[in-house]
Amino acid sequence: MGRASSDRDWVVVGATVDHMLAAGFTPVGSDFPVFLHPRTHEEYALARTERKSGHGYKGFTFHAEPSVTLEEDLARRDFTVNAMAMNAEGGLIDPFQGLADLENKCMRHVSPAFSEDPLRVLRLARFLARFLDFSVAEETMDLCRELQASGELKHLVPERVYAELTKGMGEEKPSRMIKLISKLNGWGELAPACSVPFSSFDKPEYDCLNSLSGAEARWVYSLGFFLSLAHIKALAKAWRLPRTIEDLSVLACHCLAFVQQQSTDPDSFARFFGQVDLYRKPARLRQVNQLVAQIHGEGRVHAFVEQAVAELEQGHYKAFLGDKIANHPPGEQVAQVAANARLAWVEELHSKYF
């Protein structure tokens, strides 16, 4: 494909664990025999077969012994393009016509065993986000639908779901990943009991996702711009999302609602700044405010928020607050003084800008 390879993985045929240890290899695999080469530290795995023995992507029993052939090892791979091998002299071993599918830009399963591993649906979706000119063989889509209907997707652990989706969010066109999962009606299985309206991701404006830079911004856009606060929190709990992603998504939801409200009076800004914790975390608000502006365009609300963040970061608000507290009337509670000072600061800033 003309892409640089970052590593080489070796499969060893006709050997045992004792053979590998005697040759100085270091064992590192916990589920099946994988070793590190004593000098190059490249990974060497014994040829193995696998059999479905439980639910989820870990529900497999592996069998590794000298009688397992290279072709049997390749047969357990997910897609034909991933089921090719090359010997040390550069000769291609391709028992499942993976090269032909590669040339035809087609993602095709190796065997019916594809539908035994629910993680392969997410891997397929992620590959589509990376390889934009690839399509999926219709018979492979049929197996994906069978897998979805079987309920196996429910057995994927939340951390793995988030990890796979985050990898896809970092690819060139993550909307292709999202839309494939939507086409398979897979969201309800991946986030059971959340009642999240993932149909929102089918809207044409969701394609803006691809123009954003970085997985974090894309997560925040997907959650904060298309889901309610309740749904964001439900999904964060179900997938055990990092706190940063959850917090920024909630903040984006608040920002978007405020922009759409189109209120520009000082009282509205003061309430909004308190709601999004501007006074303690200004940098976080700037990050989300810029994301909202990138999607919806810069307006007066966006510009005023940027100005408020800049003033706060430059210490103007701190000085303003200190002066108000130092000169507050006797008997007035400091908390009330601070609340009044915030409103007065916003009003003063507002009078300069509007």
N/O donor-acceptor pair under 3.5 Å between Arg176 side chain and Leu132 backbone: yes

Minimum side-chain heavy-atom gap Met20-Val17 below 4.5 Å: no

Donor-acceptor contact below 3.5 Å, side chain Ser150 vs main chain Leu147: yes

Ring geometry between Phe258 and Phe272 (parallel below 30°, tilted from 30 to 60°, perpendicular above 60°): parallel

Derivation of the side-chain contact (heavy atoms from CB on, under 4.5 Å) call for Met141 and Leu180: CA-CA 10 Å; Met141 285 296 294; Leu180 177 75; 3.7 Å; yes

Straight-line distance of Asp277 CG to His254 NE2, nearest 0.5 Å: 10.5 Å

Pairing of Arg108 and Glu139 as salt bridge, 4.0 angstrom limit: yes

Main-chain N/O of Phe226 paired with His231 side-chain donor or acceptor, under 3.5 Å: no

Any donor-acceptor pair under 3.5 Å from Asn87 side chain to Gly91 backbone: yes

Heavy-atom pair of closest approach, residues Ala191 and Leu235: CB-CD1, 3.7 Å

From CE (Met86) to CZ (Arg8), nearest 0.5 Å: 10.5 Å

Side-chain heavy atoms of His41 within contact of Thr26, under 4.5 Å: no

Test item: Val81 and Met107 side chains (from C-beta on) under 4.5 Å apart, heavy atoms: yes

Atom of Ala341, atom of Leu321 and distance for their closest heavy-atom approach: CB-CD1, 3.7 Å

Derivation and outcome, side-chain contact (heavy atoms from CB on, under 4.5 Å), residues Lys167 and Arg130: CA-CA 10 Å; Lys167 289 177 184 177; Arg130 179 188 303 173; over 6 Å; no

Check: Gln290/Gln294 side-chain N/O donor and acceptor closer than 3.5 Å: no

Rounded distance (nearest 0.5 Å) linking atom CG of Leu251 with atom NZ of Lys281: 9.5 Å

Donor-acceptor pair between Ser182 and Trp187 side chains, under 3.5 angstrom: yes

Qualifying ring pair (Phe, Tyr, Trp, His ring centres under 6.0 Å) pairs with a residue from residues 134-154, counting only residues at least two apart or across chains: Phe131-Phe134

Polar contact flag, side-chain donor to acceptor under 3.5 angstrom, Gln148-Asn185: no

Salt bridge (charged side-chain N to carboxylate O under 4.0 Å, His left out) partner of Asp207, chosen from Lys179, Lys173, Arg218: Lys179

Transitive ILVMFWY side-chain link Leu291 to Ile245, under 4.5 Å: yes

Separation between NZ of Lys233 and CG of Leu227, rounded to the nearest 0.5 Å: 13.0 Å

Near-ring test Phe225/Tyr206, centroid separation under 6.0 angstrom: no

Non-hydrogen side-chain atoms of Ile295 and Leu212 separated by less than 4.5 Å: yes

Over all atoms of both residues, closest heavy-atom pair of Gly151 and His155: O-CD2, 3.5 Å

Validation row: Leu122, Leu190 side chains within 4.5 angstrom (heavy atoms): yes

Arg123/Glu171 ion pair, N-O < 4.0 Å: no

Partners meeting ring pair (Phe, Tyr, Trp, His ring centres under 6.0 Å) with Tyr317 (sequence neighbours left out): Tyr279, Trp345

Transitive ILVMFWY side-chain link Leu70 to Leu92, under 4.5 Å: no

Closest non-hydrogen atom pair, Leu184 against Arg145: CD2-CG, 3.8 Å

Stepwise side-chain contact (heavy atoms from CB on, under 4.5 Å) test for Val68 and Val13: CA-CA 7 Å; Val68 177; Val13 178; over 6 Å; no

Audit row: Leu124, Cys144, side-chain contact (heavy atoms from CB on, under 4.5 Å) steps and yes/no: CA-CA 9 Å; Leu124 174 60; Cys144 287; 3.7 Å; yes

Any side-chain heavy-atom pair of Ser222 and Ile178 under 4.5 Å: no

Close side-chain approach of Pro174 and Asn210, heavy atoms under 4.5 Å: yes

Whether Phe35 and Phe25 hold their rings parallel, tilted or perpendicular, with breakpoints at 30° and 60°: perpendicular

Flag, side chain of Asn289 to backbone of Leu285, donor-acceptor distance under 3.5 Å: no

Any side-chain heavy-atom pair of His302 and His296 under 4.5 Å: no

Polar side-chain atom of His19 near backbone of Thr16 as donor-acceptor pair, under 3.5 Å: yes

Qualifying ring pair (Phe, Tyr, Trp, His ring centres under 6.0 Å) pairs with a residue from residues 93-125, counting only residues at least two apart or across chains: Phe79-Phe114

Heavy-atom pair of closest approach, residues Ser263 and Ser268: CB-OG, 3.5 Å

Expected output: side-chain Asn340 to main-chain Gln336 donor-acceptor under 3.5 Å: yes

Nearest-0.5 Å distance that lies between atom CH2 in Trp219 and atom CG in Leu248: 13.5 Å

Co-membership, hydrophobic cluster, residues Val220 and Leu229, 4.5 Å side-chain: yes

Minimum-distance pair of heavy atoms, taken over all atoms of Asp73 and Ala47: OD2-CA, 3.4 Å

Of Met177, Arg126, Arg160, the residue whose pairing with Leu165 passes side-chain contact (heavy atoms from CB on, under 4.5 Å): Met177

